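For ligands, and for the atoms within them, numbers begin at 1 and follow the listed sequence. Predicted model, so just to flag it, every value in this text is computed and none were measured.
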Amino acid sequence: MNQRPASPPAPAIFVLFGATGDLAKRMVLPAFYTLAKEGLLPADWRLIGSGRGDVGHEDFVAHVRQSLDEFGPAPDDATTWREFSARLRFAGGDFTSGGHGALVAAVDQARADLGTDAQLIHYLAIPPQAFGPLTTSLGQHHLAAGARAVYEKPFGTSPDAFRKLDKLVHGVFDESQVYRIDHFLGKEATQDLHVLRFANALFAGMWDRRSVRAVQIDCPETLGIADRADFYDHTGAVLDMMVTHLFQVAAEVAMEPPASLEPAHLQAARETIMRKFRPIDPADVVLGQYDGYRDVKGVAPRSRTETYVAAKLWVDSPRWRGVPFLLRTGKRMHQTHQSVSLLLTPPKGPFGGLPPDGNIIRFTLDGTGAIDLRMLAKVPGVGLQLGPANATVPLASIAGAEPLPPYARLLHDVLSGDRSLVTRPDGLAHVWKVAQPVLDLDRRPLRYAPGSWGPVAARRLAAPDGWLVGQ
Ligand code: BG6
């Protein structure tokens, strides 16, 4: 039943730009160490941190250790940590403005240690505005040939910035070298959106407008933006979550069956359906900003950045025409959860007046993921009374499960050259068009109280069902 076994990665030189920054600390370094613990790294490798600060080698090792102690997995096994830390290097200097010598020398040294055929990987854990200059520098300093380059979302901060960046990146790298990642695609339950459907007769036949009457992709968060105010105030919920994570997940739900599960086919299926996303009608969007956001250090005092977005997306394909895809996310909301729900149309037949929310398939994306089925069943006993029956499958309970956090999964894909979860520029170009009407709005987000479910106006969008969780 193993359709596409993971191949062991070749020796790799992993250059981490922004190595002492927030993303590296919270996500990339923990993901790298997770792979080390699980025995999923190449037999030999080097991780070269690059950053502007004046950081000595020992300081960098201490920084990595501190990141792991804080964000996990804490190195509790001395041997694993010793072998891991012995492969860390730091190359200081401002790579994009003349200070490239240390990094070039570190890569040369790593090649001398590992062999010239070691796979060079550049991971850009830096703000999106810096992607362009850094990519140009990689080309100028002869670090692009044969390398892979990993770009975080958002790839471009506006339609125009996207086009320019795409052109610039393709002037330095061939598309096959470019890994644009979106960690929501690396979540186990997100992948089950297509796996469950294509592997089970139970779901294969009902995945369309005849059986599904609405889809909800809901990602409220209790967290604020305290330690990333500068990034967030220039980004907002539409760019940070909607045109990126939520659109990718919507594509996972809506895709047509790929020709096979080969990476290129899976990628194509996801990207092709994005072209059927209809540009969002501004009347179908609610933007919000939580009270107190403007008081956060680093946020402009009169900021109009939205910390909340709810929107209705239509997918103009024969399979989905007329089915609303409701998307919602926001900061400082009442609850954190990440879910995709398919609300099914009650069957016609002998039961009159079935409740509209009697039958729901729900994917929980956070944590190690779960699938929930809500059904109606006969309440055991005399008479004929229907009652809700729920079945939950925690994905970690599946025999043989070895769940990986999404960043670790995507990093492993990059190391082994698996592009199935990599986003493509044609799909991204289209999502900008879909979002354009929202980006063009004279944005005046509605205020909402921290700890609430966001602006009340969003209830109207989700009518007649309402949001399945909260209001
Ligand atoms: C990130 C966003 O990409 O995803 C954050 O920048 C958001 O604003 C986060 O909180 C949610 O991801 P996770 O790790 O909770 O799945």
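Close approach of ligand 1 to Lys331 (heavy-atom distance below 4.0 Å) involves ligand atoms 5 (C), 7 (C), 8 (O), 10 (O). With ligand atoms numbered from 1 in the order given, ligand 1 contributes 1 (C), 3 (O), 4 (O) to contacts under 4.0 Å with heavy atoms of His245. Within ligand 1, counting atoms from 1 as listed, the ones closer than 4.0 Å to a heavy atom of Arg228 are 2 (C), 5 (C), 6 (O), 8 (O). Residue-ligand proximity, Lys187 to ligand 1, at heavy-atom distances under 4.0 Å covers atoms 13 (P), 16 (O). Less than 4.0 angstrom separates some heavy atom of Glu221 from each of these atoms of ligand 1: 7 (C), 10 (O), 11 (C). Listed by number with element, the atoms of ligand 1 under 4.0 Å from a non-hydrogen atom of Asp240 are 2 (C), 5 (C), 6 (O), 8 (O). Under a 4.0 Å criterion applied to the non-hydrogen atoms of Phe184, ligand 1 contributes the atoms 12 (O), 16 (O).
The shortest heavy-atom distance from Glu152 to ligand 1 is not under 4.0 Å.
Side chain of Glu306 to main chain of Ala237: a donor-acceptor pair is present (N/O by atom type, distance under 3.5 Å, no hydrogens or angles). Proximity of a side-chain donor or acceptor of Gln289 to a complementary backbone N or O of Thr305 within less than 3.5 Å is detected. With Thr336 contributing its side chain and Thr222 its backbone, the two residues share a donor-acceptor pair below 3.5 Å.
Atom CD of Gln66 has 12 or fewer neighbouring heavy atoms from other residues, nucleotides or ligands inside a 6.0 Å radius. Within 6.0 Å of the NE2 atom in His337, the count of heavy atoms belonging to other residues, nucleotides or ligands exceeds 12.
Shortest non-hydrogen contact noted between Arg294 and Arg304 is NH2-CG, 4.5 Å.
Inclusion of Lys153 in the set of residues having an N or O under 3.5 Å from an N or O of ligand 1 is warranted.
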Residues 18-30, side-chain donor-acceptor partners within the protein, below 3.5 Å, at least two apart:
{"unit_1": "Asp22", "atom_1": "OD1", "unit_2": "Arg26", "atom_2": "NE", "d": "3.1"}
{"unit_1": "Asp22", "atom_1": "OD2", "unit_2": "Arg26", "atom_2": "NE", "d": "3.1"}
{"unit_1": "Arg26", "atom_1": "NH2", "unit_2": "Asp227", "atom_2": "OD2", "d": "2.3"}

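In terms of protein heavy-atom proximity, atom 13 (P) of ligand 1 is closest to His183 NE2, 3.4 Å. Of the protein's non-hydrogen atoms, Gln338 NE2, 3.4 Å is the one closest to atom 15 (O) of ligand 1.
In this pair, Tyr290 and Tyr448 present their aromatic rings perpendicular. The plane angle is above 60°, beyond the 30 to 60° band.
Within the 4.0 Å heavy-atom criterion, neither part of Tyr232 lies near ligand 1.
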